[in-house]
Colleague: 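A single structure is presented below for examination.
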Amino acid sequence: MEDKFEKLPQHSISWLKGRSTWYKNQGFWTLQKFHIGAIMAQQRFKVQPPSDTMLCSFPKSGTTWLKALSFAILTRHKFDESTTPLLTTFPHDFVPNLDVDLEKIEANGNNDSHDSSPLMFSSHLPYTCLPESIISSNCKIVYVYRNVKDVIVSHYHFLRELFKVPIEDAPFEEAFEEFCQGISAYGPYWEHILGFWKASLERPGTILFLKYEDLKRDPTTHVKALAEFLGNPFSDEEVGKGAVESIINLCSFERLKNLDVNKTGLRHNCERKSYFRKAKVGDWENYFTNEMKEKIDNIIHEKLSGVDLVLK
Ligand code: A3P
């Protein structure tokens, strides 16, 4: 399979000092190993409807948070705030990624040790690149998305840390330009969103869109909606006893970021702490010039004007 990559469009990420070459295959950019993981998942992964649920996202849009919330919602009758495995387990370990953890999924299922049901998997793949069994089964999908400008900043810092490039050696302007050319992990960003949006029209009721900024602004409403969609709604009694707030607090950025398990250790060569940076809405304002803002706004307007999601 490696020969195939020589013929594909490829790009050495300039601001990562040539430490990373990305390839475009099946319409999206990423590292060779993730493309190989995607192809394996497409060939082998079989969804188990109706129980399986997919958590999907463009990278840096709130995947870690969504995984923690979903796990906490589905296991709330089994664990309380002092016994939940969230205190001792990195959130990504509860919800394996199709194109990265396929062998683990095949060996163990989703989560043998915590027995969360229904099963959940995650993926950053564009909708049309998901394994055929996911598409044909109409399995439930939660898609978390985020303001593109904060995604660009988050993506920049995440990759910089992954490839150990100090901030003074990594010009943000170059990262921005590449992102605008569609060269980003699983990019282009706009095609990712567009794919899930179009799919939601074709399979109504099976894709829940959650916006990172909405979750931040009004977590109660959106955590309740997530629980309902996952088939595990909060009862009036639970709401009255503060069960929703307790899950929101448990999965809050401050709480998760400060847990030992999330401060130390690696996930696929990447430090777990890199998944918890600032979690600030509007951090882009510290990085963007007016020209950059105008440029990306124009791109989003041009590419996603037909999409009925609030993307600003
Ligand atoms: P920033 O880099 O802006 O801080 P992903 O999980 O898809 O990789 O996204 C990572 C982004 O989500 C990072 O954004 C990270 O700080 C933020 N994040 C991680 N955990 C969070 C949580 N519990 N609540 C809110 N944001 C969170």
Side-chain angles (χ1 to χ4, degrees), residues 30-31 34 54-73 81 84 86-87 89-101 120-126 141-162 167 170 172 175-176 179 184-187 189 192-193 196 209-220 222-223 226 244-259 261-263 266-288:
T30 193
L31 295 169
F34 297 135
M54 291 289 305
L55 305 184
C56 297
S57 57
F58 187 82
K60 314 326 293 172
S61 298
T63 323
T64 315
W65 192 13
L66 176 63
K67 287 186 178 186
L69 285 169
S70 303
F71 179 80
I73 288 169
E81 277 174 67
T84 174
L86 268 163
L87 301 177
T89 309
F90 183 51
H92 285 271
D93 291 343
F94 295 123
V95 189
N97 184 303
L98 275 194
D99 32 317
V100 177
D101 305 312
M120 282 187 295
F121 302 99
S122 72
S123 176
H124 289 314
L125 289 174
I141 292 177
V142 182
Y143 186 77
V144 65
Y145 67 105
R146 186 182 188 187
N147 178 322
V148 67
K149 301 189 193 82
D150 283 334
V151 169
I152 295 175
V153 172
S154 186
H155 183 261
Y156 162 75
H157 283 297
F158 185 79
L159 289 179
R160 210 178 45 64
E161 292 196 6
L162 181 61
I167 198 157
F172 177 72
F176 172 82
F179 198 102
S184 54
Y186 297 86
Y189 164 94
H192 207 277
I193 293 202
F196 280 87
F209 288 90
L210 283 179
K211 188 176 178 190
Y212 182 91
E213 291 78 11
D214 289 346
L215 260 174
K216 278 266 190 189
R217 183 179 44 79
D218 180 6
T220 306
H222 297 286
V223 166
L226 176 60
V244 183
E245 284 69 28
S246 129
I247 282 180
I248 291 168
N249 291 336
L250 176 66
C251 299
S252 72
F253 176 71
E254 291 68 26
R255 188 82 201 279
L256 293 183
K257 181 186 170 85
N258 289 310
L259 293 172
V261 65
N262 296 329
K263 286 199 278 196
L266 299 175
R267 176 188 189 235
H268 303 299
N269 295 332
C270 182
E271 291 188 85
R272 289 178 185 158
K273 66 177 185 207
S274 308
Y275 288 84
F276 303 91
R277 193 183 64 92
K278 265 191 175 175
K280 191 169 168 274
V281 174
D283 191 32
W284 64 269
E285 296 196 38
N286 297 315
Y287 294 82
F288 279 54

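Atoms within each ligand, like the ligands themselves, are counted from 1 in listed order. One is the number of the first residue; the rest follow in order along the sequence.
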Colleague: Drop me the distance from Ser61's OG to His124's NE2, to the nearest 0.5 angstrom.
Modeller: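 Atom-to-atom, Ser61:OG and His124:NE2 are 8.5 Å apart.
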
Colleague: Any salt bridge (charged side-chain N to carboxylate O under 4.0 Å, His left out) involving residues 248-258? Give me the pairs, sequence neighbours left out, ordered by first then second residue.
Modeller: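 Passing the test, one end in residues 248-258: no pairs.
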
Colleague: Please find the pair of heavy atoms, one from Pro59 and one from Val151, that lie closest to each other, and give the distance.
Modeller: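 Minimum heavy-atom contact is O-CG1, 3.8 Å.
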
Colleague: List by chain and number: which residues place a heavy atom under 4.0 Å from ligand 1?
Modeller: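 Its neighbours under 4.0 Å (heavy atoms only) are Lys60, Ser61, Gly62, Thr63, Thr64, Trp65, Arg146, Ser154, Tyr212, Cys251, Ser252, Phe253, Leu256, Tyr275, Phe276, Arg277, Lys278, Ala279, given by chain and number.
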
Colleague: Below 4.5 Å, heavy atoms only, C-beta onward: do Tyr145 and Phe58 meet side chain to side chain?
Modeller: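 Side chain of Tyr145 against side chain of Phe58, heavy atoms only: no contact under 4.5 Å found.
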
Colleague: Taking only residues two or more places apart in sequence or in another chain, which ones pass side chain to side chain contact (heavy atoms under 4.5 Å, CB included) with Asp214?
Modeller: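 Checked Asp214 against side chain to side chain contact (heavy atoms under 4.5 Å, CB included); matches are Lys211, Arg217, His222.
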
Colleague: With Ala175, which residues qualify under side chain to side chain contact (heavy atoms under 4.5 Å, CB included), at least two apart?
Modeller: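 For Ala175 the side chain to side chain contact (heavy atoms under 4.5 Å, CB included) partners, ignoring immediate neighbours, are Trp15, Tyr156.
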
